[in-house]
J.: 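Pasting a structure here, questions to come.
The model shown is predicted, which means the values in this text are computed figures rather than measured ones. A, B, ... follow the sequence lines: proteins, then strands. Residue 1 opens every chain.
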Protein chains: 2
Amino acid sequence: MSETTHKQTPETRERILDAAEGLFMAHGFEATSMRMITGMAHVNLAAVNYHFGTKDALIHEVFRRRLRDLNRRRLAALSAEEVAAGGAPVKPSRIVEAFFGVSIEMASDTQHGGATFMRLLGRTYTEPNEFVRKFLAEEYAEVVDRFMGALYRALPDVPREEILWRFHFMMGAMSYAIAGTDALQLFAGEFDDKDPARLMERLMSFLLGGLRAPLPATTAQHMESRRNAA
Amino acid sequence: MSETTHKQTPETRERILDAAEGLFMAHGFEATSMRMITGMAHVNLAAVNYHFGTKDALIHEVFRRRLRDLNRRRLAALSAEEVAAGGAPVKPSRIVEAFFGVSIEMASDTQHGGATFMRLLGRTYTEPNEFVRKFLAEEYAEVVDRFMGALYRALPDVPREEILWRFHFMMGAMSYAIAGTDALQLFAGEFDDKDPARLMERLMSFLLGGLRAPLPATTAQHMESRRNAA
DNA sequence: GTCTATAGACGGATAGAC
DNA sequence: GTCTATCCGTCTATAGAC
């Protein structure tokens, strides 16, 4: 049986990915060596190169594995809202909940590594490494397109650039909430309430408050002069 | 004259710090070697160790140099508001403006490296490196203490943990706005409007909207049951 | 204070036996 | 697919002349 011969094969690949994910999260890409990864995964050093080729390819695969699932779920959540709305624009709060709800959900999954990955991902949005940013952009292209489109339809009177900025702010708030809790622990001592349901509530209140905030004066003036010209 | 002998000395130190700051921002700490730094600063490799001892000490000094000024200005801005309020609690919007206004101000200074540093700092709040987080916490201790105290006084009915979380969200939104613009450029194509004054307006609208948002249902319930018990 | 030269450790990657 | 052994580059840090 080929089962006996290849029994360990798929498991080895996954063990490498799991170890790499955890170590990248804890120490960053550069500070994590292949030897640390293979040591934690209990596999041979050469196995990484056999399975993934290079360290960069391994990094790429760590992200691809999770992002595929994450973004598929985000798109499904948005589609469900669009179906429920039956042709009408989806409410902004629903759009935001679809995107960030799935994110927090994955960040709450401590059993299958989702929490580890989301902390890693939050930090990686601002990663200097060029090739990392490049494949992140590729993986996100469809999701950004769909969610931005939904927000533009939901808020036809708000300038698109304004929506883009606010989405950017929301991403930042969420990423810090997930990735940077250590930072605030150091700032403020205790931070014991890590219940994901409460985090989701707190984050959603904040995000929706920000999204619904009055537009800045300059933007409002621009819109005013446009309206008068028409 | 000792001027002749030591003429280059203070300049060398600053050149090293400037080069390190820019390279840390562009590539991260680990990916930036001493050789890259000395190459860009046009100084000898051994000069870094002579002036700073170790690479970690150099990293520390890159932050200390700017943070001292940044946080001094934040504290001054808050003090000015407290004086203006004359004993009464400072309005939450004024407190937020004091903190983030100074931040955006420094992020707008492209002449003296403030912009570079703020992008670096934004990324560093979630830095995995332990010793970096440690000295960040030390540098921020007084500022966090003063600003949190002001917010507690301004919002005596809001649970402190809630204020802490919202401040955390605000820090995330700001840091992404400054450090992660590249990320959203990749997400969304053009992002041409980088005028700091408009960024400040946009960010402030969003932050204040989030800060003033209705409290999450669970928190409100907790407060309700407390009030009934009293 | 500044330089050259180098020690000494560790990094990613690969060749080739099994 | 897995292993050992090793190449070769780069890293931080330092010794010691000037």
Side-chain angles (χ1 to χ4, degrees), chain A residues 1-63 127-132 135, chain B residues 1-63 127-132 135:
Chain A
M1 299 275 276
S2 67
E3 271 184 27
T4 330
T5 343
H6 302 104
K7 194 175 60 179
Q8 288 288 90
T9 303
E11 210 186 89
T12 295
R13 224 186 107 92
E14 293 301 310
R15 275 214 311 279
I16 292 171
L17 288 172
D18 289 342
E21 184 175 73
L23 288 166
F24 288 155
M25 193 272 279
H27 308 111
F29 301 124
E30 296 276 345
T32 301
S33 69
M34 302 290 243
R35 284 167 174 84
M36 287 164 73
I37 295 169
T38 54
M40 171 172 277
H42 299 292
V43 300
N44 190 274
L45 174 61
V48 180
N49 291 91
Y50 174 80
H51 283 283
F52 301 98
T54 65
K55 186 182 179 180
D56 278 2
L58 170 63
I59 295 174
H60 193 153
E61 187 55 26
V62 165
F63 281 88
E127 168 72 32
N129 194 318
E130 238 179 274
F131 103 95
V132 173
F135 72 66
Chain B
M1 298 277 277
S2 66
E3 270 183 29
T4 330
T5 345
H6 302 103
K7 192 174 58 180
Q8 287 288 89
T9 304
E11 210 186 89
T12 296
R13 224 186 107 93
E14 293 302 309
R15 276 213 312 279
I16 292 171
L17 288 172
D18 289 342
E21 184 174 72
L23 288 166
F24 289 155
M25 193 272 280
H27 307 112
F29 302 124
E30 297 275 345
T32 301
S33 69
M34 301 291 243
R35 284 170 175 83
M36 288 165 72
I37 295 169
T38 54
M40 170 172 277
H42 299 291
V43 300
N44 190 274
L45 174 62
V48 180
N49 291 92
Y50 175 79
H51 283 284
F52 301 98
T54 65
K55 186 181 180 181
D56 278 3
L58 170 62
I59 294 174
H60 193 152
E61 187 55 26
V62 165
F63 281 88
E127 167 70 32
N129 194 318
E130 237 178 274
F131 103 93
V132 174
F135 72 65

J.: To the nearest Å, give me how far apart NE2 (A:His27) and P (C:dG11) are.
T.: 12 Å

J.: I need the minimum non-hydrogen distance between A:Phe29 and A:Lys55, along with the two atoms involved.
T.: O-NZ, 3.0 Å

J.: Is any side-chain heavy atom of A:Ile59 closer than 4.5 Å to one of A:Asp56?
T.: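 Of all side-chain heavy-atom pairs linking A:Ile59 with A:Asp56, at least one is under 4.5 Å.
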
J.: Between D:dA13 atom P and B:Phe52 atom CZ, what is the distance in whole Å?
T.: 13 Å

J.: Would you mind telling me which of C:dG11, C:dT14, D:dT2 lies closest to the side-chain atoms of A:His51?
T.: D:dT2

J.: Of all the choices, C:dT2, D:dA13, D:dC3, which nucleotide is nearest to the side chain of B:Thr54 once you look at every atom?
T.: D:dA13

J.: For A:Glu30 and D:dC11, give me the distance from atom CD to atom C1', rounded to whole Å.
T.: 12 Å

J.: Closer to the 5' end of DNA chain C via nearest nucleotide, is it A:Lys55 or B:His42?
T.: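 Result of the comparison: B:His42.
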
J.: Starting at atom CZ of A:Phe29, determine the distance to atom P of C:dG12, rounded to an integer number of angstrom.
T.: 14 Å

J.: Taking side chain as C-beta onward, heavy atoms only, is A:Arg13 less than 4.5 Å from A:Glu61?
T.: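 Yes - at least one pair of side-chain heavy atoms lies under 4.5 Å apart.
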
J.: Please find the pair of heavy atoms, one from B:Ala19 and one from B:Met40, that lie closest to each other, and give the distance.
T.: CB-CG, 3.8 Å

J.: Measure from CG on B:Asp56 to P on D:dC11 and round the result to the nearest Å.
T.: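 From B:Asp56 CG to D:dC11 P: 16 Å.
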
J.: Report the distance from atom CE of B:Met34 to atom C1' of C:dC3, rounded to the nearest whole Å.
T.: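 So the two atoms are 16 Å apart, to the nearest Å.
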
J.: Under 4.0 Å, counting only non-hydrogen atoms across every strand here, what does A:Thr38 touch: a base, just sugar-phosphate, or nothing?
T.: nothing

J.: Just so I know, are the side chains of A:Leu58 and A:Leu17 near enough to count as touching, which here means a heavy-atom distance under 4.5 Å?
T.: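 SC-SC contact between A:Leu58 and A:Leu17 confirmed.
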
J.: From D:dT14, C:dA13, C:dT2, pick the nucleotide closest to the side chain of B:Asn49?
T.: D:dT14

J.: Could you state the atom-to-atom distance from CD1 of A:Ile37 to C1' of C:dG12 in whole Å?
T.: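 Value for this atom pair: 11 Å.
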
J.: Can you tell me which nucleotide in C:dA13, D:dG1, C:dC3 comes closest to the side chain of B:Asn44?
T.: C:dC3

J.: For D:dT10, does OP1 or OP2 lie under 4.0 Å from any side-chain N or O of B:Ser33?
T.: no

J.: Looking at D:dT2, D:dA13, C:dG1, which one has an atom nearest to any side-chain atom of A:Tyr50?
T.: D:dT2

J.: Find the distance B:Ile16:CD1 to C:dT2:P and express it as a whole number of Å.
T.: 8 Å

J.: I want to confirm an ordering. Mapping A:Ala31 and A:Ala46 to their closest nucleotides on DNA chain C, which one lands closer to the 5' end?
T.: A:Ala31

